[in-house]
Structures are given as C-alpha cells and as structure tokens.
Amino acid sequence: MKQIFTVANKEFHDGLRNRWLVSITLIFALLSVGLTYFGAAASGEVGIASLSTTVASLASLAVFLIPLIALLLSYDSFVGEQESGTLLLLLTYPLSKSQLLLGKFLGQGSIIALATLLGFGASAVLLYFQLEDSAILSAFSLFIVSAILLGLSFTAISYLISLSVSEKSKAAGFALITWFLFALAFDLALLALLVGVEDGISQSGLTQLMMLNPADIFRLVNLAGLDSSDVNGALAVAINASLSQGQLLVALSAWVALPLVFAIIIFRRKKL
C-alpha cells in the first residue's frame, strides 16, 4: 500500500503543478454556479431555479464535461511515459505494475474527486442559502458522489486506451472518439431505436441498454427522483425504471471496477 500511495501522491502533485486541479475546479464552479443562478432564464426569469431544475441542468452539463476532462487528464498516463522512457524507469523501483496503475488511478482520481466536490459544492452552498431546504444537501451529495464515480469510470477507460496503443497521438484520438460515442452517439442510437423499431422498446429493455453507458447510468441516478417535466429524450421513457438509486450506483461502480481490472490484466501482460 505504501508504494501505491507514493505513486498517488506524485500524480496528485503533478496535477497541481500542471494546474489541472485549479482549472477543473474553476470550470466546474463557474458553470455550475451559472446554471444554478440563471437556470430559470428559459422561463424569462433571472434568479435561483428550483432544486429539480438545477439538478437536471447540472446533470446535463456533467455528463458531457466530466468524461471529457477525465479522458484528457489520463489518456497518456502510460503511453506518454512509455514514449518518454520514464515508464521503464519507474518499474526499476520496488513497484509492481498493479501498484503503479492503482497509484496513478488513486492520484488522478483524487484530482477529479476534489475538483468535483469543490466545483459542484459551490452550487450546493448557493442553492442552500437561497432556498434553505435540507433536501438540497442530500440531492447534491448523491449528485457529487455519482459525478465522482462517472469521472473515475472514464479514467479507468482511458487507462485501457493508453495501454492498448503505441503512440500518444493515437491515444488522444481514441479518447475523443470514446467521449463522442458515450456522450453523444449512444443516446442518438437509443432515440433511433425508439423511433425506428415498429413495436418500440419496453421500459425494462431501454433501461438495460442504458446500463451499457456509464453516462446514462449517472443521469438515471440523479434524474430518477425529479419531476418528469425536467427530463426529455430517451431518459423520459426509462426514468421510472424498476432499478433503485442504490442499484444504479452499484452499476456505475462496476463501470469503475471492471475497466480497471481489465487495465491491470493488460498492463501485466504488456511487454515494454
């Protein structure tokens, strides 16, 4: 464990030196506070929107922003160090490949987690002092935890990419393609199925398909308890699925664990 925490500490401080933590936190804070305060602008009002509207808006923002930032933060974690020759140097230390990977994951995951907590926590504080509703704390706690899991899942996916290619430029390309597929193309494909299939897709069938995308699981976790008027698209069909928020969180956690396990297996077999 000592080796893992040593690598994690190095990765975290590298992120601080590269201003990753500061940049991500500012992006999250500015956009989330802006959405919180101007969330009612569509209805011709300026001011704090309802909790339901705010969470729906922030979930729509996070589902695009968090995966992209997680992929950009970690797509070159291994292929970049392999190209520079530092990966072999790291492995000359009393450090296994699994410990190196888990240390990197813990360090980079800490950057995403802290930035998410500080950035989106700003919206929670603003909304709480304006509305003075205790439900805000529980709703935002669930939102922040699920947002961190979403970021960790795409960090693990980016490790699979970084370990599967031989050039940093290819890793960057595959990272952007991955973001496009999960954040945009997947939901468009679901909508095409809903419209194109003659008998339609059952609610349970649609929910099962959504389990193939961590971004959709994240949205289901946070939008399941909201007013259906704040939700549209394929989510409006699946929003009343039989899966509980606890089960959805387990499914989202699986999207963190499984890619991480596969990344460890690939790294152990990889010849450097």
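Only a predicted model underlies this, so the values are computations on that prediction, with no experimental measurement involved.
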* Structure fact -> Note: Pro259 and Ala156 closest approach over all heavy atoms is CB-CB, 3.7 Å
* To do: Find out if a path of hydrophobic residues (ILVMFWY) with successive side-chain heavy-atom gaps under 4.5 Å connects Leu191 to Met210.
  => yes
* For Phe120, what residues pass the ring pair (Phe, Tyr, Trp, His ring centres under 6.0 Å) criterion, not counting sequence neighbours? -> Phe28, Phe143
* State which residues pass salt bridge (Lys or Arg N to Asp or Glu O under 4.0 Å) with Arg19; sequence neighbours excluded, sorted by chain then number. => none
* Asked: So, do Phe218 and Leu248 sit near enough that their side-chain heavy atoms are less than 4.5 Å apart?
  -> no
* Asked: Can you name the side chain to side chain contact (heavy atoms under 4.5 Å, CB included) partners of Leu31, sequence neighbours left out?
  -> Ile27, Leu61, Leu65
* Flag the pair Leu87 / Val79 as yes when at least one side-chain heavy-atom distance between them is below 4.5 Å, and no otherwise. => no
* Asked: Which ILVMFWY residues are connected to Leu26, directly or by a chain of links, through side-chain heavy atoms under 4.5 Å apart?
  -> Val22
* Taking all non-hydrogen atoms of both residues, which atom of Ala171 and which atom of Ile161 are closest, and how far apart? -> O-CG2, 3.7 Å
* **side chain to side chain contact (heavy atoms under 4.5 Å, CB included) between Phe154 and Ile69, intermediate numbers included** => CA-CA 9 Å; Phe154 278 91; Ile69 288 176; over 6 Å; no
* **Within 6.0 angstrom of Phe174 CZ, more than 12 heavy atoms from elsewhere** => no
Return a table of donor-acceptor pairs under 3.5 angstrom between the side chains of residues 102-118 and protein atoms on other chains or two or more places apart.
from: Lys104; atom 1: NZ; to: Glu11; atom 2: OE2; distance (Å): 2.8
from: Lys104; atom 1: NZ; to: Ser77; atom 2: O; distance (Å): 3.3
from: Lys104; atom 1: NZ; to: Glu81; atom 2: OE2; distance (Å): 2.7
from: Gln108; atom 1: OE1; to: Ser77; atom 2: OG; distance (Å): 3.3
from: Gln108; atom 1: OE1; to: Tyr159; atom 2: OH; distance (Å): 2.6
from: Gln108; atom 1: NE2; to: Glu11; atom 2: OE1; distance (Å): 3.3
from: Gln108; atom 1: NE2; to: Ser77; atom 2: OG; distance (Å): 3.1
from: Ser110; atom 1: OG; to: Leu106; atom 2: O; distance (Å): 2.6
from: Thr116; atom 1: OG1; to: Ile112; atom 2: O; distance (Å): 2.7

* **Atom of Ser32, atom of Gly119 and distance for their closest heavy-atom approach** => OG-O, 3.1 Å
* Asked: Any side-chain heavy-atom pair from Ile217 and Leu150 closer than 4.5 angstrom?
  -> no
* Asked: Can you name the closest pair of heavy atoms from Leu160 and Ala263 and give their distance?
  -> CD2-N, 3.4 Å
* **Atom pair CD1/CG of Ile66 and Leu73 - distance to nearest 0.5 Å** => 12.5 Å
* Write down the atom of Leu252, the atom of Pro214, and the distance for their closest heavy-atom approach. => CD1-O, 3.5 Å
* Asked: Measuring from Leu68:CG to Leu176:CG, what's the distance to the nearest 0.5 Å?
  -> 7.0 Å
* To do: Sequence neighbours left out, what passes side-chain hydrogen bond (donor to acceptor under 3.5 Å, both in side chains) with Ser158? Give chain and number order.
  => Ser74
* First locate atom CH2 of Trp255, then atom CG of Leu260, and finally report the distance between them rounded to the nearest 0.5 Å. => 13.5 Å
* Keeping to residues at least two apart or across chains, list the side chain to side chain donor-acceptor pair (under 3.5 Å) pairs with something in residues 135-155. => Ser146-Asn222
* To do: Decide side chain to side chain contact (heavy atoms under 4.5 Å, CB included) for Leu58 and Phe140; before the verdict, give the C-alpha distance in whole Å, the side-chain angles of both, and the deciding distance to 0.1 Å.
  => CA-CA 10 Å; Leu58 290 178; Phe140 268 89; 3.6 Å; yes
* Is any side-chain heavy atom of Leu258 less than 4.5 Å from a side-chain heavy atom of Val261? -> no
* Just jot down the ring pair (Phe, Tyr, Trp, His ring centres under 6.0 Å) partners of Phe186, sequence neighbours excluded, or say none. => none
* Among the clusters formed by ILVMFWY side chains lying less than 4.5 Å apart, do Leu188 and Leu212 turn up in the same one? -> no
* Structure fact -> CG (Leu21) and NE2 (His13) are apart, to the nearest 0.5 Å, by 11.0 Å
* Check whether any side-chain heavy atom of Gln82 sits under 4.5 Å from a side-chain heavy atom of Lys270, and report yes or no. => yes
* What are the two closest non-hydrogen atoms of Leu149 and Val256, and how far apart are they? -> O-CG2, 3.4 Å
* Asked: Are Ile264 and Lys97 side-chain neighbours, meaning at least one heavy-atom pair lies under 4.5 Å?
  -> no
* Please check if Leu90 and Phe5 belong to a single hydrophobic cluster, counting links between Ile, Leu, Val, Met, Phe, Trp and Tyr side chain heavy atoms closer than 4.5 Å. => yes
* Structure fact -> Joining Ile, Leu, Val, Met, Phe, Trp and Tyr whenever any side-chain heavy atoms lie under 4.5 Å apart, the cluster holding Tyr75 also takes in none
* To do: For Lys170, enumerate each residue passing the side-chain hydrogen bond (donor to acceptor under 3.5 Å, both in side chains) test, keeping only those at least two apart in sequence or located in another chain.
  => none
* Taking atom OH of Tyr93 as the centre, report whether more than 12 heavy atoms of other residues, nucleotides or ligands fall under 6.0 Å from it. => no
* Asked: Would a distance-only check, ignoring hydrogens and angles, find a side-chain to backbone donor-acceptor pair under 3.5 Å from Glu83 to Gly80?
  -> no
* Structure fact -> Sequence neighbours excluded, the answer for ring pair (Phe, Tyr, Trp, His ring centres under 6.0 Å) partners of Trp179 is none
* Chi angles and distances behind the side chain to side chain contact (heavy atoms under 4.5 Å, CB included) call for Met211, Leu220 -> CA-CA 10 Å; Met211 295 302 103; Leu220 284 174; 3.8 Å; yes
* So how far is it from Ile4 CD1 to Gln99 CD, rounded to the nearest 0.5 Å? -> 5.5 Å
* To do: Please round to the nearest 0.5 Å and tell me the distance separating atom CD1 of Ile177 and atom CG of Leu71.
  => 11.5 Å
* **Any donor-acceptor N/O pair, Asn213 side chain to Phe182 backbone, under 3.5 Å** => yes
* To do: State which residues pass side-chain hydrogen bond (donor to acceptor under 3.5 Å, both in side chains) with Ser98; sequence neighbours excluded, sorted by chain then number.
  => Arg268
* To do: I would like to know whether Val145 and Val221 meet side chain to side chain contact (heavy atoms under 4.5 Å, CB included); could you show each step before the answer?
  => CA-CA 10 Å; Val145 168; Val221 168; over 6 Å; no
